There are 2 protein chains.
Amino acid sequence: MSKDTSLDACEAPCLHLDRVDQVRAGMLTDEAAEGLAEIFGLLGDRTRVRILHALSLGELCVCDISAVLGTTSSAVSHQLRLLRTAKLVKARKEGKNVYYTLDDEHVRQLFAQGLEHVQER
Amino acid sequence: MSKDTSLDACEAPCLHLDRVDQVRAGMLTDEAAEGLAEIFGLLGDRTRVRILHALSLGELCVCDISAVLGTTSSAVSHQLRLLRTAKLVKARKEGKNVYYTLDDEHVRQLFAQGLEHVQER
DNA sequence: CAAACAAGTGAGCAACTATTCATATGAGTA
DNA sequence: TACTCATATGAATAGTTGCTCACTTGTTTG
């Protein structure tokens, strides 16, 4: 049964209806696609990649991170907020400083996987 | 010895010079960071995620893909060009149609890893 | 050859994003 | 209390990006 495949009923100019239906059945849900795009998008920025990689080497405060990257602490802080919101990093306050660490083991693995891809070309 | 850590020599208002130097030593090269950001950035879009996932289920032509996603074939074609340039997908021409397949096993693994992250929250 | 269709592409536009700058908050310190 | 410094944040700006629309290319078919 299943419900109507809407689009292809009225306008089927091309082909492979069987394949299309089959793929549709195994397709990602919207939320899954959105979630994937979100996490990958977060990793898809040079600055954030460097921040995350730096944190993978150990705990650092904002000021350390900006020193490592050679950018302003404001820029770093903005990016850290995104990473914090997405639960990729964790903050710990101590006196005037805020220390950040990775908060997601997946990130480490994604990094390793991604590096393999990059190096192998 | 090592060379001067440039920035912090003149302006070292904050702290943890030891840690900063240590992290700098283990830091990603610029190319590696750029490469990682590039691949993750490509995966960081809802449309491309869906295209790649569809292709992970089997070979499809442009027209099939746009039917699956419910978008124009032009939009799909534009995205496919990016994916082709980055060697993430491979094209095979047959008559009027062009059939695409995944061209990178890493992508499949990254997807799996990413999905784990997404589902686990 | 002409018509039809799949796919690719450039220009233009709207939406998004990363940085900078100015400022705010809040903790340590004189 | 007043000052300094680390961090956070809002607004503005410059750059990027994804889509649409119009058009081109190239292939099949009448």
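All of these numbers come straight from a predicted model, not from anything done at the bench. Every heavy atom of this structure was used, including side-chain atoms; hydrogens, water molecules and symmetry mates were not. Numbered from 1 within each chain, the chains take letters A, B, ... in sequence-line order.
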With a 4.0 Å limit, can you tell me whether A:T47 has a side-chain N or O closer than that to the phosphate oxygens OP1/OP2 of C:dT19?
yes
A:Q79 vs C:dT19: side-chain N/O to OP1/OP2 distance below 4.0 Å:
yes
Does the ring center of A:H117 lie less than 6.0 Å from the ring center of B:F40?
no
May I have the distance from A:L82 (atom CG) to C:dT17 (atom P), rounded to whole angstrom?
9 Å
How about A:V68 and B:M27: do any of their side-chain heavy atoms sit closer than 4.5 Å?
yes
Among A:L69, A:I65, A:L52, A:V76, exactly one meets side chain to side chain contact (heavy atoms under 4.5 Å, CB included) together with A:T47. Which residue is that?
A:L69
Please determine if a side-chain N or O atom of A:N97 lies less than 4.0 Å away from the OP1 or OP2 oxygen of C:dA27.
no
With a 4.0 Å cutoff (strictly under), does any side-chain N or O of B:Y100 reach OP1 or OP2 of C:dG8?
yes
From OH of A:Y99 over to P of C:dA27, roughly how many Å is that when rounded to an integer?
15 Å
Measure from the side chain of A:V98, starting at C-beta and using heavy atoms only, and say which of C:dA18, D:dT7, C:dG26 lies closest.
D:dT7
Select from A:G95 and A:G44 the residue whose nearest nucleotide in DNA chain C is closer to the 5' end of that strand.
A:G44
Ignoring backbone atoms, establish whether A:S77 has a side-chain N or O less than 4.0 Å from OP1 or OP2 of D:dA6.
no
Can you measure B:L60 atom CG to C:dA6 atom C1' for me and round it to whole angstrom units?
15 Å
For atom CD of A:E94 and atom C1' of D:dC5, their distance in whole Å:
16 Å
With a centroid cutoff of 5.5 Å and a plane-angle limit of 30°, would you call A:H78 stacked on D:dT9?
yes
Tell me if the side-chain of A:S74 makes a donor-acceptor pair with the base of C:dT19, cut-off 3.5 Å, by modelled atom types.
no
What is the separation between atom CG on A:L69 and atom P on D:dT7, rounded to the nearest whole Å?
13 Å
Name the nucleic acid region contacted by A:R48, choosing base, sugar-phosphate or nothing; use a 4.0 angstrom heavy-atom cut-off, strictly under.
sugar-phosphate
B:R81 CZ - C:dA11 P separation (whole Å):
11 Å
Would you mind telling me which residue lines up with the more 5' stretch of DNA chain C, A:D45 or A:K93, judged by nearest nucleotide?
A:D45
Under 3.5 Å, is there a donor-acceptor pair between the B:R92 and B:Y100 side chains?
no
With a 4.0 Å cutoff (strictly under), does any side-chain N or O of A:T72 reach OP1 or OP2 of C:dT20?
yes
Rounded distance in Å - CZ (B:R84) to P (C:dA7)
12 Å
Nearest to side-chain heavy atoms of B:C61, which nucleotide of D:dT27, C:dG26, C:dA7
C:dA7
Does any part of the side chain of A:L82, heavy atoms only, come nearer than 4.5 Å to the side chain of A:L88, both counted from C-beta?
no
In whole angstroms, how far is the P atom of C:dT19 from the CZ atom of A:R46?
9 Å
Could you state the interatomic distance from CG (A:L43) to NE2 (A:H106), rounded to the nearest 0.5 Å?
12.5 Å
